[in-house]
*Asks:* 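Below you'll find the structure I mean.
Order of listing sets the numbers, starting from 1, for every ligand and every atom in it.
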Amino acid sequence: MQNPLFRFIRDLYNTSDFIPLHAPIFTGNESLYVQHTIESTYVSSVGAYVDQLEDSLANYCGVAGAVAVVNGTSALQVALYASGVGYGDLVITQSMTFVATCNAIHWLGASPVFVDISSISLGLCPDALKTFLDENCVVTARGCMHKQSGKMVKAVVPMHTFGHPVQMDELIAVCEQWDIAIIEDAAESLGSLYKGKCCGSLGTKYAALSFNGNKILTTGGGGMVLCKEKSAARYLKHITTTAKIPHSFEFEHDEYGFNFRMPNLNAALGCAQFEQLENFIVDKRVIASSYQEYFDGSDFKFIREPDYSRSNYWLNAVLCPSESARNKLLNESVEAKVMLRAVWKPMHQLEIYKGCIKGNLEKTDYYAKRLVNLPSSVRGN
Ligand SMILES: *Cc1c(COP(=O)(O)O)cnc(C)c1O
């Protein structure tokens, strides 16, 4: 007999077709705004929709400025770069994340350091961070140094897993004591609130958002750096625009720049999506509470938002009682044509990152074997 979960998910999405993990919906002004960019010929990296999207998101998230870029990975990369992360540095993050977090660190010539997650948020654990720093690091005149390698710990990158906010006050307390900047990987958590404040507005100076096709708001491909200071946003705009000094006819570039600007075509899609963001979150939360009710009283534990937060429930997840129960469920889902997915393989288990410095990763390993993501698309009307 078929697992009743699949019947439940079919009812939730009211379809007999294949059910994807996360598909976007375009039920607002998407076509209209994209059409505008074509008619205006401003399809490339300058245009009114880019400015509008930056202003809308800076306002919404409660930060001083925002800079639109080509994807979330590049947003992370320039946020880290602007925070002084470079060749030979260390950046502490969680092993349970999407690989982009680590790749952004790697391509700056730095290395990720893995610290365990908390079972409260599934994001970076403040206690584990404190333990790692106490045991391995020392504060010097140049900042926090990892004693054994002599390398500097330049930043901590907590990631709000599946949209659930990390324990930020506790992380800030640890990072202040150790003189380390916090850069939020808020790729999954647009619209999530930590004690009433938006994810992406909680770190030291910068946060990264992603607008990839599978995120809560999509621009096709895209990302954004949220900046707590206007001057930081101006600098980010400068270096993501080839570091060109504005001039009416001459080319002058005052540092090694990036070409990471988001095209206006993509920003147009984003502006239309943004108008619907709060409605998307409402539906996400209805879906999440349906799942929660479904799993109540079973030995599959639905992952709930932490008490201090309002999560956007970007991706719903359930904790299976064992690895074998997880494998059974995933196998059944293929047959049922309902897309379920194992959580990412932890970064410290990937060949490319397995040599990285790490703390105790007990919880990461535990959750990695048991977490399954559930279909979470916003439903149309
Ligand atoms: C989606 C995502 C990113 C960035 O993704 P892009 O595809 O580059 O936009 C970064 N970190 C996490 C945790 C993500 O989920």
*Asks:* Check ligand 1 against Thr101 and write out every atom of the ligand that is under 4.0 Å from a heavy-atom position of the residue.
*Replies:*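 By the 4.0 Å cutoff, the relevant atoms are 11 (N).
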
*Asks:* Any nitrogen or oxygen of Gly72, side chain or backbone, less than 3.5 Å from one on ligand 1?
*Replies:*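 Between Gly72 and ligand 1, an N or O pair is found under 3.5 Å apart.
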
*Asks:* Considering only non-hydrogen protein atoms, determine which one is nearest to atom 3 (C) of ligand 1 and report residue, atom name and distance to 0.1 Å.
*Replies:*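 Among all protein heavy atoms, the one nearest atom 3 (C) of ligand 1 is Ala187 CB, 3.6 Å.
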
*Asks:* Please state which protein non-hydrogen atom is closest to atom 8 (O) of ligand 1 and give its distance, to 0.1 Å?
*Replies:*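 It is Thr73 OG1, 2.5 Å.
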
*Asks:* How close does the nearest protein non-hydrogen atom get to atom 1 (C) of ligand 1, and which residue and atom is it?
*Replies:*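 Here the nearest protein heavy atom works out to Lys215 NZ, 1.6 Å.
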
*Asks:* Flag the pair Phe162 / Tyr313 as yes when their ring centroid distance falls below 6.0 Å, and as no otherwise.
*Replies:*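 No: the rings miss the under 6.0 Å criterion.
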
*Asks:* Heavy-atom distance to atom 15 (O) of ligand 1: which of His160, Met224, Glu188, Met96 wins?
*Replies:*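 Nearest option to atom 15 (O) of ligand 1, by heavy atoms: Glu188.
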
*Asks:* Is the distance between the ring centroids of Trp344 and Tyr367 less than 6.0 Å?
*Replies:*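 They do not qualify: ring centres at least 6.0 Å apart.
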
*Asks:* Measure the distance from atom 5 (O) of ligand 1 to every protein heavy atom, then report the residue, atom name and distance (to 0.1 Å) of the closest one.
*Replies:*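 The protein heavy atom lying closest is Ser210 OG, 3.6 Å.
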
*Asks:* Quick check, are the ring centers of Phe302 and Tyr294 under 6.0 angstrom apart?
*Replies:*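 That pair fails the under 6.0 Å test.
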
*Asks:* For residues 179-220, pull every pair meeting ring-ring contact (aromatic ring centres under 6.0 Å, His included), keeping only residues two or more places apart or in separate chains.
*Replies:*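 For residues 179-220: Tyr194-Tyr308.
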
*Asks:* Mind running side-chain contact (heavy atoms from CB on, under 4.5 Å) on Arg234 and Lys230 for me, showing each step along the way?
*Replies:* CA-CA 6 Å; Arg234 274 195 298 274; Lys230 273 242 158 22; 4.1 Å; yes

*Asks:* Quick one: which ligand 1 atoms are inside 4.0 Å of a heavy atom on Thr97?
*Replies:*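 Listed by number with element: 13 (C).
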
*Asks:* Taking the side chain as every heavy atom from C-beta outward, state whether Thr93 and Pro112 have any atom pair closer than 4.5 Å.
*Replies:*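 Of all side-chain heavy-atom pairs linking Pro112 with Thr93, at least one is under 4.5 Å.
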
*Asks:* Can you tell me which residue and heavy atom of the protein come closest to atom 11 (N) of ligand 1, and the distance to 0.1 Å?
*Replies:*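 Of every protein heavy atom, Asp185 OD2, 2.8 Å lies nearest to atom 11 (N) of ligand 1.
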
*Asks:* Could you tell me, atom by atom, which parts of ligand 1 come under 4.0 Å of a heavy atom of Ala100?
*Replies:*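 Close to Ala100: 3 (C), 10 (C).
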
